[in-house]
Amino acid sequence: MIETNIRSATLVGLLTGTGIGYELFMSSSFYYDMNEVGMITYMILVVAVLLELVANRLKNAA
């Protein structure tokens, strides 16, 4: 559930122009810096995977 919330927050940020979504929007459309777009995308993926691992560990520990 946590990773779903992170992904949703990223998409809402992209649409509203705040946070990670804003940086992703600016990199992809304004600056057209595909290296930065790739790095932001990979970092979102890494954070989502880490949050999933932590959530699973907490779920199994309880």
Side-chain angles (χ1 to χ4, degrees):
M1 193 68 180
I2 294 173
E3 67 277 356
T4 303
N5 291 337
I6 296 293
R7 277 187 245 132
S8 297
T10 303
L11 290 174
V12 169
L14 177 64
L15 296 175
T16 61
T18 59
I20 297 172
Y22 176 75
E23 294 299 325
L24 188 58
F25 173 75
M26 292 301 285
S27 296
S28 64
S29 64
F30 189 68
Y31 302 125
Y32 201 67
D33 185 1
M34 289 299 122
N35 290 328
E36 190 171 343
V37 170
M39 182 56 73
I40 292 170
T41 304
Y42 285 135
M43 292 309 294
I44 292 170
L45 178 65
V46 166
V47 168
V49 168
L50 288 175
L51 287 173
E52 177 69 23
L53 291 172
V54 168
N56 284 338
R57 289 235 172 140
L58 290 173
K59 193 185 318 181
N60 290 335

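Remember, predicted model here, so these are calculated numbers, not experimental data.
- The two residues Ser27 and Ile40 make their nearest non-hydrogen contact at OG-CD1, 4.0 Å.
- In this structure, Leu45 and Thr41 have side chains that are not in contact, with every pair of non-hydrogen atoms separated by 4.5 Å or more.
- With rounding to the nearest 0.5 Å, the separation of CG in Leu53 from CG in Leu58 is 11.0 Å.
- Rounding to the nearest 0.5 angstrom, the gap separating the CE atom in Met26 from the CD atom in Glu36 is 10.0 Å.
- Atom CE in Met39 sits 13.0 Å away from atom CG in Leu24 (nearest 0.5 Å).
- Residue Tyr32 is grouped with residue Val37 when hydrophobic side chains (ILVMFWY) are merged at heavy-atom distances under 4.5 angstrom, including chains of intermediate members.
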Run the side-chain contact (heavy atoms from CB on, under 4.5 Å) test on Asn56 and Lys59 for me, step by step, so that the C-alpha distance in whole Å, both residues' side-chain angles and the decisive distance to 0.1 Å come before the verdict. CA-CA 5 Å; Asn56 284 338; Lys59 193 185 318 181; 4.0 Å; yes
